[in-house]
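A short write-up of the structure that comes next.
Small disclaimer: the values here were computed from a predicted structure and weren't measured.
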Amino acid sequence: MDELRKLLLHEIIGIYGPTVGQGIGSVIIPAFIGDFKKVLEESKDNKTVSEEYMTEDKKVHLLLKGKRALGATGMDYLVTYCHLNGRDILAEGVEGNVTI
């Protein structure tokens, strides 16, 4: 999860600048990831689900896809796809799926 948060924060800082980006990122990143985890928790095993998020000012458009799957220590919640403003940021910064 930390990898995904770092990637999202980096992109948000690039959009808003360092000061405003840190503030906005500290609020919307946990909200978006938390909501997506709830969507995954309610999904069926190994069924890919997607969710879109947008900030009020429409400067950030985030598309997340993922699935839940049984892992070695219980249920894993995987983000398999992450697009922010039309860029695939998951593929650029992290190999494979990210567990949240």
Side-chain angles (χ1 to χ4, degrees):
M1 176 169 54
D2 287 337
E3 307 96 42
L4 181 59
R5 286 179 192 257
K6 287 178 188 176
L7 290 170
L8 291 172
L9 183 59
H10 176 75
E11 294 296 321
I12 289 169
I13 287 173
I15 294 166
Y16 290 100
T19 306
V20 175
Q22 284 280 358
I24 290 173
S26 68
V27 174
I28 66 169
I29 292 171
F32 290 169
I33 291 175
D35 181 74
F36 190 62
K37 186 172 182 181
K38 287 179 187 175
V39 170
L40 290 173
E41 287 171 348
E42 295 172 3
S43 70
K44 297 185 189 263
D45 292 349
N46 272 333
K47 181 180 184 294
T48 299
V49 295
S50 65
E51 197 71 25
E52 285 188 71
Y53 302 95
M54 187 173 289
T55 55
E56 288 183 17
D57 62 7
K58 300 187 182 193
K59 288 185 178 182
V60 173
H61 179 236
L62 177 66
L63 174 61
L64 295 173
K65 291 184 182 181
K67 61 184 178 180
R68 71 180 198 158
L70 189 58
T73 59
M75 196 58 66
D76 288 338
Y77 302 99
L78 306 172
V79 176
T80 58
Y81 180 86
C82 180
H83 254 72
L84 190 133
N85 292 351
R87 285 190 42 222
D88 187 359
I89 64 166
L90 190 60
E92 295 173 12
V94 178
E95 290 184 27
N97 301 324
V98 175
T99 303
I100 56 173

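- With values rounded to the nearest 0.5 angstrom, Lys65 atom NZ is found 7.5 Å from Thr80 atom OG1.
- Of the candidates Ile15, Val60, Val27, Thr55 forms a side-chain contact (heavy atoms from CB on, under 4.5 Å) with just one, namely Val60.
- For the atom pair Leu4 CG and Ile29 CD1, the distance stands at 8.0 Å (nearest 0.5 Å).
- Of all heavy-atom pairs between Gly25 and Pro30, the closest is O-CD, 3.6 Å.
- Applying the side-chain hydrogen bond (donor to acceptor under 3.5 Å, both in side chains) rule to pairs touching residues 18-29 yields nothing, sequence neighbours excluded.
- Note that the CG atom of Leu63 and the CG atom of Asn85 stand 11.5 Å from one another [nearest 0.5 Å].
- Tyr53 and Phe32 have parallel rings, their planes meeting at less than 30° on a 0 to 90° scale where 60° marks the start of perpendicular.
- By the 6.0 Å contact criterion, NE2 on His10 is open, its count of non-hydrogen atoms from other residues, nucleotides or ligands being 12 or less.
- A pairwise comparison of heavy atoms in Leu64 and Cys82 identifies CD2-SG, 3.6 Å as the closest pair.
- Judged as a salt bridge (charged side-chain N to carboxylate O under 4.0 Å, His left out), and not counting sequence neighbours, Asp57 has no contacts.
- Judged as a side-chain hydrogen bond (donor to acceptor under 3.5 Å, both in side chains), the pairs with a partner in residues 38-49 (not counting sequence neighbours) are, in order, Asp45-Arg68.
- Considering every non-hydrogen atom in both Phe36 and Val49, the closest pair reads CZ-O, 4.1 Å.
- The backbone N or O of Leu70 lies less than 3.5 Å from no partner atom in the side chain of Asp76, so there is not a single donor-acceptor pair.
- No path of Ile, Leu, Val, Met, Phe, Trp and Tyr side chains, each step under 4.5 Å between heavy atoms, connects Met54 with Ile12, placing them in separate hydrophobic clusters.
- Interatomic distance, CG of Leu8 versus CD1 of Ile33, reported as 5.5 Å (0.5 Å rounding).
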